[in-house]
Amino acid sequence: MLRRRWLQQEWWTVVALLLWGILFLQYGWQGRLGLLIHPNYFGLAIASGLLLVAVSGWQGWRLWRGRVTPAQHVALLPTRWTLTLLIFAAGAGLVITPRSFNSATAIHRGLEEGLTVTRNTPVAFRLSQRPQDRTLIDWIRTLDVYPEPDAYSGLPARIEGFAVHSPQLPETYLTLSRFVMTCCAADAYPVGLPVKLGRSRQAYPQDQWFRVEGRMTTETLNNRRQLVLVAETITPIPEPENPFMY
């Protein structure tokens, strides 16, 4: 009786390992790893998936041939609970498609506390690039290094991001925002720039992605001098396949 119970647990362990291996490989094959982890770790995730599939196959073969003997394990949770959680989580990952973060997450993670502050030091910073070629994160890093907004007044800009209707900004302003990932989605943080519109921001739905072209200026918002992009053209664009920046 005890041996049968042990065999059942071992087979469920094989199933859990196989499901997690398939999950990693499926995300890699479908190009969805970028929604969860930094590109630097794609290779590690795929290698882990291959290893898990190989280990599950090896362990299944050994169980089938009766070459595995019971052993004592020390675990924080009962084995059944652990296996149930692992299998449920892997199954959910295979069925549910991860979604990118939205404006509510951006506000919750502190977008309004600092619209132009990054948490990491850029690997390569090039102030010499043309202003209109700078991405949103390039502008944010530029302000990190040279924080005087008047230095950029009048410069052309063309940036992309999703719209956030910040309650701290007037009705004719929105924040164009993106998330920056340093390791994985759990540590992703929002950055953004205020955009001055020619009409109410209700014409530009929240969470919709836009390409905004215009010129930079300096304005005082919430008792703070900030760099603001005065929009000349605002074009809706589809959400990028990988919405994160690095």
Self-check item: W58 and W61 aromatic centres sub-6.0 Å
Solution: yes
Exercise. To the nearest 0.5 Å, tell me how far I237 CD1 sits from F210 CZ.
Key: 9.0 Å
Practice problem: May I ask you to check whether over 12 heavy atoms, not counting those of W209, lie within 6.0 Å of atom CH2? | Solution: yes
Quiz item: Roughly how far, to the nearest 0.5 Å, is the CG atom of L174 from the OG atom of S200?
Solution: 10.0 Å
Exercise. Report the residues that fulfil side-chain hydrogen bond (donor to acceptor under 3.5 Å, both in side chains) with T84, sequence neighbours left out, ordered by chain and then residue number.
Key: none
Quiz item: Can you find a side-chain donor-acceptor pair between S153 and D150 that sits under 3.5 Å?
Solution: no
Check residues 227-235 and write down every donor-acceptor pair under 3.5 Å in which the side-chain atom is one partner and the other belongs to a residue at least two apart or another chain.
none

Quiz prompt | For the student: nearest non-hydrogen atoms of N102 and F179, plus distance | solution = O-CE1, 3.9 Å
Quiz prompt | Chi angles and distances behind the side-chain contact (heavy atoms from CB on, under 4.5 Å) call for C184, Y41 | solution = CA-CA 9 Å; C184 63; Y41 306 110; over 6 Å; no
Practice problem: Can you see which heavy atom on S103 is nearest to which on V164, and at what distance? | Solution: CB-CG2, 3.8 Å
Quiz item: Is it the case that R32 places NZ or CZ above or below the six-membered ring of Y27, under 6.0 angstrom from the centre and within 45 degrees of the axis?
Solution: yes
Quiz item: Do Y173 and V195 pass the side-chain contact (heavy atoms from CB on, under 4.5 Å) test, and can you show the C-alpha distance, the side-chain angles, and the key distance before you say yes or no?
Solution: CA-CA 6 Å; Y173 291 76; V195 175; over 6 Å; no
Quiz item: So how far is it from D144 CG to I137 CD1, rounded to the nearest 0.5 Å?
Solution: 8.0 Å
Quiz prompt | Exercise: identify the closest heavy-atom pair between W20 and A89 | solution = CZ2-CB, 3.8 Å
Quiz prompt | Between Y152 and R215: side-chain donor-acceptor atoms closer than 3.5 Å | solution = no
Exercise. Calculate, to the nearest 0.5 Å, the distance between atoms CD and CZ belonging to Q206 and F162 respectively.
Key: 9.0 Å
Exercise. Tell me, with the steps shown, if R225 and E148 meet salt bridge (Lys or Arg N to Asp or Glu O under 4.0 Å).
Key: CA-CA 9 Å; R225 292 173 61 252; E148 175 49 59; 2.8 Å; yes
Exercise. For E241, look at atom CD and say whether over 12 heavy atoms of other residues, nucleotides or ligands are found less than 6.0 Å away.
Key: no
Quiz item: Residues two or more places apart in sequence or in another chain: which of them pass salt bridge (charged side-chain N to carboxylate O under 4.0 Å, His left out) with R211?
Solution: E160
Quiz item: Going through the checks in order, is the side-chain contact (heavy atoms from CB on, under 4.5 Å) test met by L169 and T175?
Solution: CA-CA 8 Å; L169 295 179; T175 301; 3.3 Å; yes
Quiz prompt | Nearest non-hydrogen partners of N222 and Q168, listed with the distance | solution = OD1-O, 2.8 Å
Practice problem: Decide yes or no on side-chain contact (heavy atoms from CB on, under 4.5 Å) for Q226 and E219, but give the supporting numbers first. | Solution: CA-CA 6 Å; Q226 297 187 46; E219 294 192 6; over 6 Å; no
Practice problem: Answer with yes or no whether the hydrophobic clustering places W29 together with L35; edges join I, L, V, M, F, W, Y residues whose side-chain heavy atoms lie under 4.5 Å apart. | Solution: no
Self-check item: Pair E171-Q202, side-chain donor/acceptor within less than 3.5 Å
Solution: yes
